[in-house]
Structures are given as C-alpha cells and as structure tokens.
Amino acid sequence: MAVMGKRSTFKRRKNDLYRTPWDPVPLLAPHLPTRFRYAEPCAGNGRLIDHLRWIGGTCTEAVDINPGRGDVTQGDALHWTPTAKPRRPLDYIITNPPWSREILHPLILRWAGLCPTWLLFDADWCHTLQAQPYLRHCRKIVSVGRVKWIEDSKHTGKDNCAWHLFTAGSHGRTEFVGRPDAAKKTTPSAGRTTSSRSQS
C-alpha cells in the first residue's frame, strides 16, 4: 500500500492502495539475509509478499485494513501486534505503508520498537523538518528512485522513493546507499537476484 506523491495530479485510490511493483525489491535484497522471516502489516493484495518470496522471505503474518486476498488478515496497522513466537521471532517488518504523515509517523515508532523495520516511501521525507524526531531511529536509507505504481500506466510516480530501515535504538548517523550504476532489471519469473547479502 502507498499514497500517490505530493506532486501527482492523478485521482487517489481508496485507502491509498497502490500495489507494490517488483522493481524496488532487488534493491532491498542485498541488505537482507539469504533467508528471513517477516511480517507485512499493510499487505493489501499481497503483491509484496509474493515478491519477497523470490528473495528468500517467509511471511509469518499479513494484515491489512482492507484485505485483498485470503491469506491477509483484516486489521488496523496502527493497533497491530505480532503474534508471540519466542522460539522463532520475526527478523523484520517489511511493508509499503501509507505515506500520509499522520499515519506513517506513528507506524514508524510503533514498529521500530517491535523489530527492525523496512519501509518503502518517498525519499524526500528525510530532508524535512518533520522527519527529525524519527531520524534517530533510521539506521539506513536505500535509494530506489521513481516507481511505476500503476502497471498499465506509461508513467512512473513523480516522487523518488527509498527503503528506510528503522530500529528501536538511537543512531548517531544514518547510512545512505545510492543506486547502483546499472540496477538489475530482473523479474521474479527470471529467478532470484545473485547479489551478495548482508545481515543488517
């Protein structure tokens, strides 16, 4: 789920529902372990779940305020808490959240306190004054660039995007990872990417 950018002239969809395309996922892959367990609390129709499966992700819980398929449970992300599984805890929360700040900011604080959280939203956010209280929890930003949110459109979105990693601790600085010179144009059907993985 995501909101159209602030410069967009397109009519917004109900509940800010924009299905996550594949292209941002290979840029996140090098920053994840080869196998990982995660929750998706803004799952929509589960598109991101399908993509993350191709890079080693196992989704243990999927929630959305308006579920789009059977394996997504109805629930409000602002009040969601992961099911307690002490023997096999979550590695991450990974999602494409609503970009509206009145929703995004409480989600950052709530989820970062639960486990490391990767969120896909507009890259301009970190340059704003309103981001300051939350940047101390932002460990890493991975540049994505513009994303084509509507599959049958000829145009990409008007905002640059990035993956943001939030954790409970306060960080002295945020690591920024720029886009590679030639980002791979692989698709899920073409197989997994072969880039090296980190444990961050």
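Computed from heavy atoms alone, side chains included, the values below leave out hydrogens, waters and symmetry copies.
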#### Entry: T73 and E61, any side-chain heavy atoms less than 4.5 Å apart
no
### Query
Taking atom CG of D122 and atom NE2 of H127, what is their separation to the nearest 0.5 Å?
10.0 Å
### Message
Using 0.5 Å steps for rounding, measure from the OG1 atom of T117 to the NE2 atom of H137.
### Response
11.0 Å
## Note on the structure
dist R139:CZ -> I141:CD1 (nearest 0.5 Å) comes out at 13.5 Å
### Message
With heavy-atom distances below 4.5 Å as the criterion, would you say the side chains of D23 and K148 are in contact?
### Response
no
### Summary
Distance col, row W22:CH2 vs W54:CH2, nearest 0.5 angstrom, shows 8.0 Å
### Task
For Q74, enumerate each residue passing the side-chain contact (heavy atoms from CB on, under 4.5 Å) test, keeping only those at least two apart in sequence or located in another chain.
I65, P67
### Query
Any donor-acceptor pair under 3.5 Å linking the side chain of R179 with the backbone of V144?
yes
### Message
Quick one, P97 and I103 - any side-chain contact, counting heavy atoms below 4.5 Å?
### Response
no
#### Entry: Distance in Å, L90 CG paired with Y38 OH, rounded so as to fall on 0.5 Å steps
11.0 Å
### Task
Would you indicate whether the side-chain heavy atoms of L27 and P24 approach each other to under 4.5 Å?
no
### Heavy-atom check, side chain of W118 versus side chain of L52, under 4.5 Å
no
### Query
At what distance, to the nearest 0.5 angstrom, does NE2 of H51 lie from OG1 of T20?
7.0 Å
### Message
Tell me if the aromatic rings of W163 and H31 count as close, with their centers under 6.0 Å from one another.
### Response
no
### Task
With sequence neighbours excluded, tell me which residues meet side-chain contact (heavy atoms from CB on, under 4.5 Å) with Q130.
R101, H105, T128
### Message
With a 4.0 Å cut-off on N to O distance, would you call R47 and D50 a salt bridge?
### Response
no
### Task
Could you please spell out the steps behind the side chain to side chain contact (heavy atoms under 4.5 Å, CB included) verdict for L48 and L120?
CA-CA 11 Å; L48 182 57; L120 178 65; over 6 Å; no
